[in-house]
Amino acid sequence: DNGRWKLAVSAVDDTGQPSEMAQVFTVNTTLGYLSTTPRKLFLPPAGRDLGITWKQDRAARVVVTVETPAGEVVRTLARRSYAAGSPALVWNGLDRQRKAVKGGRYVVRVAARNALGAVELRRDVRVQRIVGPKP
């Protein structure tokens with residue numbers, strides 16, 4: 001079940017010395033099954049679509065970004081509330097200035113926040129620039 005939980009353990013060792021430990025944690029399965037298609041994006045100068053989908057068990061405020069491996073946001077694709085379901089977005093391989101990104105590794109990050117707290121999913125994507133006519 002989702003929510004806040006507490007794990008408590010107590011023990012007595014072979015000399016009769018008692019010890020205890022407790023840890024509070026939260027289970028939040030709001031997000032799952034992040035997928036990108038295709039896994040490797042061959043990007044001509046005008047851009048090409050990368051499909052992004054995930055499963056969402058409950059409503060949440062969601063931010064979807066494309067980032068460098070170092071965490072620099074290249075493009076914010078969504079910043080809105082989604083209901084439970086299977087949301088889908090498309091990234092066209094362009095940055096905030098609408099220019100094609102350089103070839104290399106990127107990270108698609110889906111971050112959600114709701115009454116259970118914050119949770120996020122990440123997926124690596126490879127981009128390879130290809131030669132093609134300019135738009």
Side-chain angles (χ1 to χ4, degrees):
D1 281 347
N2 285 287
R4 196 166 162 90
W5 291 82
K6 181 177 182 179
L7 173 65
V9 178
S10 60
V12 177
D13 69 14
D14 58 350
T15 66
Q17 182 70 31
S19 61
E20 294 181 355
M21 186 281 299
Q23 179 70 45
V24 176
F25 61 97
T26 302
V27 175
N28 184 347
T29 61
T30 298
L31 298 178
Y33 305 102
L34 175 60
S35 176
T36 55
T37 306
R39 182 71 176 197
K40 185 173 189 179
L41 182 63
F42 291 96
L43 189 60
R48 176 159 293 147
D49 290 348
L50 176 80
I52 302 166
T53 60
W54 67 94
K55 302 285 185 200
Q56 194 165 316
D57 283 348
R58 57 187 34 84
R61 180 87 177 144
V62 177
V63 177
V64 181
T65 54
V66 177
E67 304 174 355
T68 66
E72 178 187 340
V73 176
V74 174
R75 181 95 180 261
T76 299
L77 302 175
R79 185 183 308 270
R80 58 169 283 217
S81 292
Y82 286 95
S86 300
L89 293 172
V90 174
W91 176 48
N92 59 5
L94 306 181
D95 64 15
R96 282 179 268 203
Q97 288 77 37
R98 305 289 188 222
K99 295 181 181 170
V101 299
K102 296 178 181 177
R105 219 174 100 230
Y106 293 87
V107 177
V108 173
R109 182 170 66 97
V110 178
R113 180 173 289 282
N114 58 16
L116 293 172
V119 64
E120 70 178 47
L121 299 174
R122 296 171 178 261
R123 184 157 176 110
D124 289 343
V125 175
R126 299 254 335 134
V127 174
Q128 183 174 333
R129 295 288 303 267
I130 59 174
V131 177
K134 295 209 179 230

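If you're wondering where the values come from, they're calculated on a predicted model, not measured in any experiment. Below, all heavy atoms of this structure are taken into account, side chains as well, without hydrogens, waters or symmetry copies.
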- Looking only at non-hydrogen atoms, find the nearest pair between Ala112 and Ala60 and report the distance.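 Scanning both residues completely, I find the closest heavy atoms to be CB-CB, 3.9 Å.
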
- Non-hydrogen atoms of Glu120 and Ala111 that approach each other most closely: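 In this case the closest contact between Glu120 and Ala111 is CB-CA, 3.8 Å.
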
- Message: Assess the residue pair Arg80 and Arg61 against the criterion (side chain to side chain contact (heavy atoms under 4.5 Å, CB included)); give the C-alpha distance rounded to whole Å, side-chain angles, the decisive distance to 0.1 Å, and a yes or no.
- Response: CA-CA 6 Å; Arg80 58 169 283 217; Arg61 180 87 177 144; 4.1 Å; yes

Between [X] and [Y], is there a shared hydrophobic cluster once you connect ILVMFWY residues whose side-chain heavy atoms come closer than 4.5 Å?
X	Y	value
Leu77	Val125	yes
Val62	Leu34	yes
Leu43	Leu89	yes
Ile52	Val74	yes
Leu121	Val66	yes

Rounded to the nearest 0.5 Å, how far apart are [atom1] of [X] and [atom2] of [Y]?
X	Y	atom1	atom2	value
Thr53	Arg123	OG1	CZ	8.5 Å
Asp57	Lys55	CG	NZ	10.0 Å
Ser81	Asn114	OG	CG	10.0 Å
Ile130	Arg48	CD1	CZ	5.0 Å
Asp49	Thr37	CG	OG1	11.5 Å
Arg39	Leu50	CZ	CG	10.0 Å

- So among Asp124, Thr65, Thr68, which one has a side chain to side chain contact (heavy atoms under 4.5 Å, CB included) with Val107?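 Only one of Asp124, Thr65, Thr68 forms a side chain to side chain contact (heavy atoms under 4.5 Å, CB included) with Val107, namely Asp124.
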
Got more than 12 heavy atoms from elsewhere within 6.0 Å of [atom1], [X]?
X	atom1	answer
Arg129	CZ	yes
Tyr33	OH	no
Arg4	CZ	no

Counting N and O atoms only, with roles assigned by atom type, does the side chain of [X] sit under 3.5 Å from a partner on the main chain of [Y], one being a donor and the other an acceptor?
X	Y	result
Asp95	Val101	no
Arg105	Pro69	no
Arg109	Val73	no

- Plane angle bin for Trp54 and Tyr82 - parallel if under 30°, tilted between 30 and 60°, otherwise perpendicular: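 Answer is perpendicular, since the angle exceeds 60°.
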
- Message: Between Leu31 and Gln56, does the side chain to side chain contact (heavy atoms under 4.5 Å, CB included) criterion hold? Intermediate values first, please.
- Response: CA-CA 5 Å; Leu31 298 178; Gln56 194 165 316; 4.0 Å; yes

- Selection residues 100-126 - residue pairs positive for ring pair (Phe, Tyr, Trp, His ring centres under 6.0 Å), sequence neighbours left out: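 Those involving residues 100-126 do not exist here.
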
- Among side-chain atoms of Asn28 and Thr26, is any donor-acceptor pair under 3.5 angstrom?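 Not at all, the side chains of Asn28 and Thr26 share no donor-acceptor pair under 3.5 Å.
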
